[in-house]
Amino acid sequence: MKKRSVSILLAAMLALSMTACGNDKNQEEETNVAAQENQQAETREEADPTDDSSVSGSSNMLVAYFTYAENADLPEGVDASSSASIQTWNSEMTGNTGAVAHMISEATGAELFSIQTTEKYPSDYNETVDQGQEEQSADLRPELSAHIENLDSYDTIFFGFPNWWGDMPMAMYSFLDEYDLAGKTIVPFVTSGGSGFSGSIRAIESAEPGAAVQEGLALSDSSAMEAQSDVEEWLAGLGYLQ
C-alpha cells in the first residue's frame, strides 16, 4: 500500500513538472512571437511612404545658372535701375538670367545653384562682357567659388546663362569641365540681346556627350523680367511644370 502511494505521488510530481515545462515553453514562444511582431511593425513604420519623417522633400531637379549681378563687384547699395542687367527678385540682387532661374525654380520646385567665380567681374556691365571676350579668346576656365556636393541627387539640370559674344560665359565651361553629367538631362536657357543660343547648344552637347540635351528657352534681355508666362509654357511643354 505504501509502495502504491509513493508511485502515485511520483506520477503526480512528474505530471506537474511536465506541465510547468510546457507552460514555460509556451510563454517563451509567445514572447518570441510578440518580439517578432514588434520588429515587423517597426520595419513597416520605417518603410511607410506616407510617414512624413521618411520623406526628404528634396527635388531631383537643379537650376544651375550664371548671372551678371551675382558675379560682379558691385558697389554696396547699387540701384538696380542703374543697369538693365541688374535685377532684383524677392529683394535679392541678381541679373536677367538669375530672374529667369528663379522663375524656373518656383514653377518646378527645382533647387537653385548660382555659378559664381572666385574673381569678381567689373561693376560696369560692358567692361564685364569685354573681359568675357578676352577669357573666350584665351580659352580660360575661371575658378569657381562654390561646388555641388550632391550631384547624384539630381536627374535634371536646368542650365542657364547670358550670351556673351556668341557663346556662354567661360565660367559655364568651368562648370561643365568639373562635373560629369552623363545619364542626366540638361535643359538650357539663355538671355541675350537677340543672338539666342548661337553655338552654345553644340558646345554643351560636345562637353557632355553622355547627357540628353532637351529643347531650350531663349529670351531677350529686355523681356526677361516679364517672361513668367513664356517660362511656364515652355516648362509645361516639356512636362516639368508643377
- Query: Do we see a donor-acceptor contact under 3.5 Å between the side chains of Thr94 and Glu70?
  - Reply: yes

- Item | Pairing residues for Tyr154 by the side chain to side chain donor-acceptor pair (under 3.5 Å) criterion, not counting sequence neighbours | Glu111, Asn150

- Exercise: do Thr118 and Ser145 side chains pair donor with acceptor under 3.5 Å: no

Enumerate donor-acceptor pairs with a distance under 3.5 Å from any side-chain N or O in residues 230-242 to protein atoms, sequence neighbours excluded.
residue: Glu232; atom: OE2; partner: Gln228; partner atom: NE2; Å: 3.2
residue: Trp234; atom: NE1; partner: Glu215; partner atom: O; Å: 3.1
residue: Tyr240; atom: OH; partner: Gln214; partner atom: OE1; Å: 2.6
residue: Gln242; atom: NE2; partner: Thr108; partner atom: O; Å: 3.1

- Under 3.5 Å donor-acceptor, Tyr68 side chain and Ser123 backbone: yes

- Query: Does the Lys184 side chain pair with the main chain of Leu151, one donor and one acceptor, at a distance under 3.5 Å?
  - Reply: yes

- Asp130 side, atom CG; Asp124 side, atom CG - distance, nearest 0.5 Å: 8.5 Å

- Does any pair with a residue in residues 127-153 pass ring-ring contact (aromatic ring centres under 6.0 Å, His included), and if so which ones, sequence neighbours excluded? none

- Nearest 0.5 Å please: distance from the OG atom of Ser174 over to the CG atom of Leu140. 9.0 Å

- Quick one: are Ile148 and Leu62 in side-chain contact, heavy atoms under 4.5 Å? yes

- Query: Restricting to pairs with a member in residues 202-212, which pass side chain to side chain donor-acceptor pair (under 3.5 Å), not counting sequence neighbours?
  - Reply: none

- Item | Asn96 and Thr67, any side-chain heavy atoms less than 4.5 Å apart | no

- salt bridge (charged side-chain N to carboxylate O under 4.0 Å, His left out): pairs with one or both residues in residues 141-163, sequence neighbours excluded: Asp139-Arg141, Arg141-Asp177

- Item | Beyond-backbone contact of Asn60 with Thr156, side-chain heavy atoms, under 4.5 angstrom | no

- Does a donor on one side chain sit under 3.5 Å from an acceptor on the other, for Glu119 and Thr117? no

Let me have the donor-acceptor pairs involving side chains of residues 160-168, under 3.5 Å, with sequence neighbours excluded, atom names and distances please.
residue: Asn163; atom: OD1; partner: Gly166; partner atom: N; Å: 2.8
residue: Asn163; atom: OD1; partner: Asp167; partner atom: N; Å: 3.4
residue: Asn163; atom: ND2; partner: Gly196; partner atom: O; Å: 2.7
residue: Asn163; atom: ND2; partner: Ser198; partner atom: OG; Å: 3.0
residue: Trp164; atom: NE1; partner: Tyr125; partner atom: OH; Å: 3.4
residue: Trp165; atom: NE1; partner: Val129; partner atom: O; Å: 2.9
residue: Asp167; atom: OD1; partner: Tyr173; partner atom: OH; Å: 2.8
residue: Asp167; atom: OD2; partner: Tyr173; partner atom: OH; Å: 3.1

- Item | Results of side chain to side chain contact (heavy atoms under 4.5 Å, CB included) for Gln131 - residues two or more places apart only | Tyr121, Pro122, Glu135

- Query: Tell me the ring-ring contact (aromatic ring centres under 6.0 Å, His included) pairs involving residues 174-222, sequence neighbours left out?
  - Reply: Phe159-Phe175, Phe175-Tyr179

- Does Ser200 have any side chain to side chain donor-acceptor pair (under 3.5 Å) partners at least two apart in sequence or in another chain, and if so, which? none

- Query: Does the side chain of Phe113 reach to within under 4.5 Å of the side chain of Val63, using non-hydrogen atoms?
  - Reply: no

- Message: Measuring only between side-chain heavy atoms, which start at C-beta, is Leu144 closer than 4.5 Å to Glu178?
- Response: yes

- In short, Ile186 meets Ala211 closest at the heavy-atom pair CD1-CB, 3.7 Å

- Is there a donor-acceptor pair closer than 3.5 Å between any side-chain N or O of Ser59 and the backbone N or O of Met61? yes

- Query: Quick one: CG on Leu217 to CD1 on Ile104, what's the gap to the nearest 0.5 Å?
  - Reply: 7.0 Å

- Residue set satisfying side chain to side chain donor-acceptor pair (under 3.5 Å) with Ser220, at least two apart, ordered chain then number -> Ser222, Ser223

